[in-house]
Structures are given as C-alpha cells and as structure tokens.
Amino acid sequence: MAISEQDWKDEQQRVTEVTGKIKHKIAQLEADVGQIRGDVIDMRKDFWDEVTVNFSNPDDLGETSTNLRQQSQVLSDRERAHLQSSKLLKKYRKLVESPYFGRIDFKEHGSSETESIYLGTGSFLDEDMESFLVYDWRAPISSLYYDGAPGPAKYETPSGEVSGEMELKRQFIIHDGKIQVMFDTGVTIGDELLQQVLSHSADDRMKSIVATIQKEQNAVIRNDKTRMLIVQGAAGSGKTSAALQRVAYLLYKYRGSLRADQMLLFSPNPLFNSYVSSVLPELGEDNMQQTTFQAYLEHRLGKEFELEDVFTQTESLLNSEDTPEYRARIESITYKSSVAFLDTIRRYKEMLEKEGMMFKPIVFQGKVVVSADEMAAHFYSYDRAVKLAGRIDLMREWLLKRLADFAQAEKKEPWVEEQMQLLDIEDYQRAFQTMRRKQNKKDTTFNDHDVEKDVLARMVVSDRLKPVRRWIKRLRYVNVTGMYRRLFTDQALFRQAALDADSIPAHWEEICSLTLQALRDKRLLYEDATPFLYLKELLQGFRTNTAIRHVIVDEVQDYSAFQLEFLKRLFPRAKMTVLGDLNQAIYAHGEALGSLENLVGLYGAEDTEVISLTRSYRSTYEIVEFTRQMIPGGERIVPFNRPGEAPRVIQQADEKSLDEAVIRDLRELHEQGYNYVAVICKTAEESRQVHERLSATLQTRLVTKTTPSFEKGTLVVPAYLAKGVEFDAVIIYNGSADVYRRESERKLFYTACTRAMHVLHVYHIGEKSRFLPNP
C-alpha cells in the first residue's frame with residue numbers, strides 16, 4: 001500500500017520526537033550513573049571509617065556486627081542501583097539509533113479509540129511514565145505484529161484473551177533517527193524488509209532477528225506451555241535465531257523468577273559459542289550459560305580416561321578406506337548410540353542388583369584392608385529392596401568404618417614409629433592442638449609420653465590414609481570400568497542383557513576387540529563415553545542440577561539416545577528446547593536417532609510439541625533451489641524469494657590449477673565486497689594442506705576444533721566445523737566424485753553448501769560428486 005507524503009512527514013516527526021526524548025533520558029541517566037559511581041567509589045574508600053569496630057565485650061561485638069551489616073547493605077544497594085542504571089543506559093543508547101521497527105493500529109472490541117502500537121527492541125515510556133512510546137517486541141500485544149494481518153485479531157495476556165480489529169500494519173527501517181524504508185503490509189512481515197535484512201553481509205556474530213520474525217518462528221519464541229519443544233528446521237530457516245529470541249522472551253516474561261544464569265545452551269563447538277554470544281546482550285539481556293556436551297564429558301571422565309571427541313572420530317572416519325575395520329567402527333558407533341544399547345545398559349544394571357557387582361580392593365601400603373570378594377559379599381547382604389545406588393552409599397559408610405578400625409590397629413606398626421621420628425616442630429604443635437581441642441581443656445599438657453605417642457601415631461596414620469579415605473568417599477571402590485569391560489568379554493552375559501539378538505551388530509567381535517583395546521589404553525572412544533558415564537551413574541546415583549530451569553540443545557540430530565536421556569536426568573527441573581535438521585546429521589551416529597519425532601518419547605506426547613520450519617532464509621533463491629536437490633525430501637524446503645547469482649560448478653585439471661582458480665576467485669569475491677568467505681574442505685587434514693598453499697599468496701585463517709572465535713576474512717574450514725554458521729560466499733574446495741563418494745557423506749556435503757548466503761562456487765577435479773545436481 002502506498003504511503004502518502006503527509007504520512008511520511010508525520011512518521012518522521014514522531015521518530016524525531018521519540019529519539020529526542022530518548023536522548024534526554026540518556027543525558028539524565030549518564031548524570032545519575034556518574035553520580036552513583038562516585039558514591040560507590042567513595043563508600044568503598046571510606047567503608048571502614050564509617051564503621052565503629054569494638055571487640056571489647058559481647059555488647060560491643062554485637063554493635064560492631066550490626067554496624068558492619070548496615071554499611072554493607074547501603075553499599076550493596078548503591079552498587080545494585082549503579083548496575084540497573086548502567087543496563088538501562090545501554091538499552092537506550094541502542095534504542096536511540098533505531099527506536100522501533102513496526103507499528104500496528106489496534107481497536108479493542110468495546111472501545112471507540114484506536115491505539116497505535118510502536119514496537120522496538122526495548123520499551124520506552126513517556127515522561128508521564130504511563131504512556132508507552134515504544135513497546136518491547138516481547139510484550140503480549142506485540143504478537144499481533146508477528147502473527148496477524150489487518151482485520152480481526154486477538155492476542156493472549158496474563159489475564160485472558162483480548163480481541164479486536166487490526167486496522168494497520170506498518171514496517172520501518174530507521175537509522176540515526178531517519179526513516180530509511182517504510183511501507184504498509186497485509187502479510188506477517190513484508191518481503192521488502194526481509195530483502196533488506198537478508199541482502200546484508202555476513203558478520204562474525206549472529207544478529208537479532210526481532211524486526212523480521214516470521215509467524216512460524218514466533219510460535220517457537222512464545223511457546224511456554226510444554227515441557228519439551230522440538231524445532232525441526234531446514235538449513236537457514238532461522239531455528240537457532242528463533243531459539244535465542246525465545247530465551248530473551250522467556251527472560252522478559254518471567255523476569256521475576258527466571259535469570260539468564262538459570263538457562264543453559266548446549267552448542268556444537270566453541271566457535272559456535274562465540275558466534276551466538278552477542279544476540280542476548282543486543283536485546284539487553286545477560287548471556288546464558290553456554291557449553292558443549294564434550295566439555296561435560298571431559299569434566300566427569302577426563303581424569304580417568306583420555307576421551308575421544310566427535311571431531312576426532314569424524315576425521316578418522318572421513319580419512320578411512322572402506323575396510324572391514326571401518327565398517328565395524330561405523331556399526332559400533334551406530335549401535336552404541338541407539339535406544340537398543342541404552343536398554344541393554346538398563347537391563348545390565350537390573351542384573352547387577354542380583355549378582356555380578358565388581359569392586360576394587362581397599363589397599364594400603366601393600367596390605368589389603370578389605371578385599372573385593374568381601375566387598376561383594378557385603379554388598380549383596382543388604383536388603384534387595386534397597387536400590388543399587390543406596391547400597392553403594394551404605395557400603396561407603398561401612399568401608400570408612402573398616403578403614404578406621406584398620407587405622408587403630410596400624411598405629412602399632414614399625415613404620416609408624418619411624419615416621420614419628422621424622423616429625424618436625426610444626427607436626428608436634430598440630431598434634432598438641434588436636435589433643436587439646438578433643439579434650440576441650442585449656443590447661444592440657446603434653447608431657448605424658450604414652451599420650452604423646454598415641455596422638456602422634458594417630459596423626460601419622462591418619463595423614464597417610466587421607467588419600468584412601470578420599471578414594472572411598474568418591475566411590476572409586478566401585479569397579480565401573482571392569483563392569484563395562486565385562487559387557488564386551490562375556491558374550492553370554494551381553495546377550496542376556498541385550499535380549500533382542502537381532503539388534504546386535506554383525507561385526508560384534510570386532511567391536512568388542514576395538515572397545516577392549518581402547519579401555520586397556522585408558523581411552524574412551526566417543527561412542528563409549530556417554531554409555532560408560534550412564535552406567536556409572538546408574539550404579540552410583542545420578543548427579544543432578546536443579547538450578548538450571550531451561551536447557552537449549554542445538555543440532556540435536558548430533559546427539560545419541562544416551563546423551564538426551566542423560567540431559568533429562570541431569571536437569572530434572574528444566575524445560576527443554578531442542579533444534580535440529582536430520583539433513584545435517586553429519587556424524588556417524590546421526591542415523592541412530594531416526595527422526596526428531598522419536599524425541600517425543602523423552603517426556604511423552606502430552607508434554608511435547610513439535611514445530612517445523614520449512615522456509616529457508618539464509619541463502620538466495622538460486623542457492624536453495626540448488627542445494628535442496630542434494631537430499632531426499634528436499635522438495636519440502638521452501639526458498640525465500642531473494643534472487644542472486646546461480647551456484648557455479650567448476651572443473652579443474654589438477655590440484656595446481658585448482659589452487660590458482662580458487663585464489664583468483666577469492667580475490668574477486670573480496671573486490672566485490674564480500675568480507676566473510678569460507679573455503680570449505682572435507683577434512684581437517686585437507687584444510688591444513690589447502691591453508692598452507694593458499695596462505696603463501698593470500699591471507700587466510702585456518703579453523704580447527706579449538707578455534708575460539710569467528711572472524712572477518714577468508715577462513716579455511718573442515719565441513720563438519722562449518723555447521724551452524726554462515727558466510728557471504730562459500731567455495732567448496734574439492735567437490736569431486738572421489739572426495740565425496742560415500743552415501744554417508746551426502747549430508748556433510750549438503751551442510752557445507754548451505755553455509756552460503758550470496759555466492760556458492762563448487763570446484764572439482766575430474767568427475768564431480770554424484771551429490772551435485774545436474775544443470
């Protein structure tokens with residue numbers, strides 16, 4: 001709908017007025033923040049001058065304590081005021097650049113007046129502190145902008161549904177107080193605005209999408225009723241962006257009971273953490289906690305084993321030939337990631353409740369304090385009604401008592417006498433203080449030789465036994481490694497636990513050999529780490545984190561049944577949002593999940609909702625049309641109509657001509673203004689070699705699994721590390737038939753190609769990969 005010149009003038013005048021009021025508020029806040037900061041500095045400097053310290057008698061001590069609390073409270077209040085004012089100042093400084101992006105005119109049923117609602121990244125009140133000049137995009141009424149079109153409309157509020165008539169929907173692009181683009185629309189978010197936003201260059205940080213949230217993305221953002229939300233989204237559909245806006249929305253809606261540090265994002269790699277780190281601060285919220293599942297495994301098992309990570313596993317497989325060992329490893333990964341193996345571990349635990357528990361003997365200086373057989377006999381002497389983990393806890397107390405009895409007897413051993421002769425004056429003083437404290441006598445003397453000898457002997461033995469005591473308290477006497485190993489040495493036991501013989505892989509003997517060799521080397525293969533930890537917690541009791549209230553899992557198709565079950569148990573109070581795309585299941589265990597709908601069983605159908613995002617926004621129409629032909633079911637992906645250059649598939653004669661062509665291409669792309677360009681290789685080893693050759697002529701940066709941040713320029717990156725981020729232009733270094741040949745590599749190739757926003761060039765030597773569509 002065309003906008004009149006008068007409408008344009010009126011809207012610009014309003015922008016000028018609102019930005020003027022925001023600037024005035026900024027000036028006030030800057031003065032306030034400066035004053036409060038000065039107060040805080042002075043109070044910290046003069047803190048002890050304001051406190052009367054007197055420890056002469058109990059009354060004076062109480063007065064001193066009260067004085068300290070009061071002064072500390074005053075300081076804390078001023079520091080809190082400074083923090084709140086600083087956050088508000090930061091929000092207004094961002095708001096003044098672009099105060100709002102949308103307007104809706106809404107007349108509530110039963111009202112004679114139409115209200116004009118302007119939406120921005122944050123709310124702003126007029127001087128009367130009652131009238132909203134700008135509404136926060138997360139406010140209930142703002143959902144009309146994302147979900148509705150002019151005509152009958154309604155929205156939900158905490159007190160119920162509000163219905164009425166939307167008379168106008170207007171969209172803006174405002175920079176530095178000037179309206180750059182303005183139009184009225186009858187659809188959710190006008191294509192014109194999306195075209196403007198999506199045509200921009202990539203960045204080293206993911207940006208907020210609040211001005212262009214689509215109706216289906218809004219359904220993801222504002223869903224707060226179900227325990228688990230599953231978001232299926234095509235590459236470039238904005239599922240990760242929507243999930244981060246969802247975090248901001250939940251923090252806004254539940255700001256009285258939910259904090260950012262109670263939300264946790266599991267991301268695919270450290271590079272991705274850097275990439276998404278600015279979204280929440282851009283919206284005025286603190287960043288939530290971010291980690292990777294590998295980091296958690298390292299935290300729990302890293303002291304016992306050398307852990308393989310999924311990138312090392314993938315690199316190994318991508319560089320392997322199609323041998324029986326390769327096929328056995330693939331079977332091992334698929335099976336150990338499956339629900340079938342999860343059920344096997346659970347049944348194994350039930351079997352261990354009756355027999356078969358393995359323990360490590362308690363040994364001190366070559367002496368067996370409690371043997372493994374004695375421990376097993378004692379364990380099964382407990383009432384079978386007591387849960388297995390409960391019996392382990394009872395065992396701990398019993399073992400500590402046995403150790404105390406052993407310590408009492410050990411005092412008389414010759415080695416104790418020898419150690420006593422080596423004690424220094426500090427040891428004697430410590431022994432004396434210990435004896436006096438236990439006897440609670442101020443006039444205790446240390447002149448009785450027998451008492452002195454007994455105290456010193458007890459101290460020597462106690463010090464030596466500290467590691468053993470600590471070992472028992474940490475439940476290290478439970479031989480989890482031995483019990484996990486037995487699954488791969490005792491075929492009859494394994495088949496009894498597995499029940500379903502059809503689920504056992506064909507190359508089971510090779511899998512057992514591979515697993516046992518790793519355990520002998522104190523290594524855990526990636527596919528073994530979570531099952532091992534799961535068994536460990538079934539036996540010893542699950543650790544839980546009740547502080548986390550919401551967990552977001554990105555790239556959920558890369559998680560095994562074990563890992564998702566583990567997260568459910570680890571965060572028992574948390575709601576969960578999982579995001580995924582099975583077409584980007586690039587790791588060997590990706591097929592084990594089957595489909596994202598299978599995740600419904602984690603919390604049950606009643607507590608789970610599935611939302612699908614099929615429209616792809618990242619890439620141009622031509623790139624989406626090209627890439628969706630690479631995968632089965634690609635016809636369901638709907639490209640956004642943003643025209644651009646058609647992808648190019650370019651053949652080269654040999655590696656030398658390929659390098660020369662890529663260098664020319666990179667120079668041209670940078671001359672055209674593309675700042676973020678990726679040369680995507682299949683593996684880390686190929687990436688390293690290509691980086692060495694290209695960097696002799698051009699400045700390139702090699703991305704590895706430990707790269708902490710995403711930066712401007714030309715990146716050389718393995719395909720499996722490019723997932724989750726986007727680039728202005730992507731060059732697939734070698735898309736030849738002999739490089740991407742296995743069917744298991746189809747999704748890896750697709751994922752690499754879908755990283756491109758504006759330009760996609762695929763080079764190959766000889767025959768091109770069969771995954772590339774024909775022209």
Side-chain angles (χ1 to χ4, degrees), residues 198 200-207 235-236 240 268-272 274-276 311 314-315 318 555 584 586 616 618-620 623-624 626-627 630 644-645 647-650 658-659 661-695 697-735 739-740 747-764 769 772:
L198 296 174
H200 288 173
S201 175
D203 205 342
D204 60 349
R205 298 286 188 273
M206 181 180 282
K207 296 299 182 184
T240 302
N269 53 56
L271 180 66
F272 184 84
S274 166
Y275 182 58
V276 302
F311 309 119
T314 301
E315 185 74 12
L318 291 175
E555 307 291 357
Q584 297 182 70
I586 64 174
S616 181
R618 173 189 298 132
S619 307
T620 61
I623 292 175
V624 176
F626 180 82
T627 55
M630 296 180 179
E645 173 191 310
R648 293 163 55 192
V649 180
I650 308 158
L658 173 57
D659 286 348
V662 168
I663 289 170
R664 286 194 303 271
D665 202 348
L666 288 169
R667 284 175 172 156
E668 289 175 9
L669 288 169
H670 285 299
E671 286 172 3
Q672 293 168 27
Y674 294 119
N675 295 320
Y676 294 87
V677 181
V679 178
I680 300 183
C681 303
K682 181 181 175 183
T683 66
E685 179 56 28
E686 184 186 44
S687 298
R688 185 188 62 77
Q689 294 174 9
V690 170
H691 167 67
E692 283 184 3
R693 296 198 298 272
L694 296 184
S695 61
T697 306
L698 294 171
Q699 184 174 355
T700 62
R701 180 170 178 241
L702 179 65
V703 174
T704 69
K705 65 182 181 180
T706 58
T707 298
S709 62
F710 179 46
E711 295 177 3
K712 182 185 293 186
T714 299
L715 302 181
V716 183
V717 54
Y720 53 82
L721 287 179
K723 186 161 65 168
V725 295
E726 60 191 21
F727 305 91
D728 289 328
V730 165
I731 292 174
I732 303 297
Y733 177 76
N734 192 350
V739 175
Y740 292 94
K747 293 178 178 179
L748 181 69
F749 194 45
Y750 166 78
T751 300
C753 291
T754 56
R755 301 305 94 199
M757 293 176 64
H758 309 298
V759 176
L760 173 62
H761 295 166
V762 182
Y763 287 87
H764 65 97
S769 170
L772 285 166

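Please read these numbers as outputs of a predicted model, since none were measured by experiment. One-based numbering along the sequence shown.
- Once rounded to the nearest 0.5 Å, the distance linking NE2 of His761 with CD of Glu645 reads 4.0 Å.
- In terms of heavy-atom proximity, Ala722 sits nearest to Ile680 at CB-CD1, 4.1 Å.
- Here the shortest heavy-atom pairing between Glu686 and Tyr733 reads OE2-CD2, 3.8 Å.
- With sequence neighbours excluded, no residue forms a side-chain hydrogen bond (donor to acceptor under 3.5 Å, both in side chains) with His764.
- Remark: Thr627 pairs with Ile623, Met630, Tyr750, Cys753, Thr754, Leu760 by the side-chain contact (heavy atoms from CB on, under 4.5 Å) rule, at least two apart or across chains.
- For Thr707, the side-chain contact (heavy atoms from CB on, under 4.5 Å) test picks out Leu271, Arg701, Val703, Thr704, with sequence neighbours left out.
- Within the model, atoms NZ of Lys705 and CG of Asn269 stand 11.5 Å from one another, a figure rounded to the nearest 0.5 Å.
- Shown here for Thr683 and Ser687, the closest heavy-atom pair between the two residues is O-OG, 2.8 Å.
- When all heavy atoms of Glu315 and Glu685 are compared, the closest pair comes out as OE2-N, 3.0 Å.
- Looking at residues two or more places apart in sequence or on another chain, you find a salt bridge (charged side-chain N to carboxylate O under 4.0 Å, His left out) between Asp659 and Arg693.
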> Can Phe626 and Val649 be said to form a side-chain contact (heavy atoms from CB on, under 4.5 Å), step by step?
Replying inline: CA-CA 11 Å; Phe626 180 82; Val649 180; 3.9 Å; yes

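- Taken from CD1 in Ile586 to OG1 in Thr751, the straight-line distance is 5.5 Å, to the nearest 0.5 Å.
- By the side-chain hydrogen bond (donor to acceptor under 3.5 Å, both in side chains) test, Gln672 is found to be paired with no residue, residues two or more places apart in sequence or in another chain being considered.
- Atom CD of Glu726 is separated from atom OG1 of Thr240 by 10.0 Å, given to the nearest 0.5 angstrom.
- A donor-acceptor contact shorter than 3.5 Å is absent between the side chain of Gln584 and the backbone of Glu555.
- Pairs passing the salt bridge (Lys or Arg N to Asp or Glu O under 4.0 Å) check and including a residue from residues 667-682, sequence neighbours excluded, read Lys682-Glu745.
- Ser619 places a side-chain N or O within 3.5 Å of a backbone atom of Ala756 that can act as its donor or acceptor partner.
- Every residue two or more places apart in sequence or in another chain that forms a side-chain contact (heavy atoms from CB on, under 4.5 Å) with Ser616 is listed here: Val624, Ile637.
- Considering only heavy atoms from C-beta on, Val739 stays 4.5 Å or farther from Phe749 through its side chain.
- For Thr314, there are no side-chain hydrogen bond (donor to acceptor under 3.5 Å, both in side chains) partners, not counting sequence neighbours.
- Screening Val717, Leu666, Val730, Leu702 for a side chain to side chain contact (heavy atoms under 4.5 Å, CB included) with Val679, the sole residue that qualifies is Leu666.
- Looking only at side-chain heavy atoms (C-beta outward), Ile731 and Asp665 come within less than 4.5 Å of each other.
- Glu692 meets the side-chain contact (heavy atoms from CB on, under 4.5 Å) test with Arg688; sequence neighbours excluded.
- Taking Tyr720 as the reference, nothing meets the ring-ring contact (aromatic ring centres under 6.0 Å, His included) condition, with sequence neighbours excluded.
- Here the CZ-CZ distance, from Arg618 to Phe727, works out to 9.5 Å after rounding to the nearest 0.5 Å.
- Considering every non-hydrogen atom in both Tyr740 and Ala719, the closest pair reads OH-CB, 4.4 Å.
- Closest approach of His670 and Asn675 over heavy atoms only: CE1-O, 4.3 Å.
- Taking the side-chain hydrogen bond (donor to acceptor under 3.5 Å, both in side chains) definition, one finds that Thr700 meets it with His691, sequence neighbours left out.
- Using modelled atom types, one side-chain atom of Asp728 and one backbone atom of Tyr676 make a donor-acceptor pair closer than 3.5 Å.
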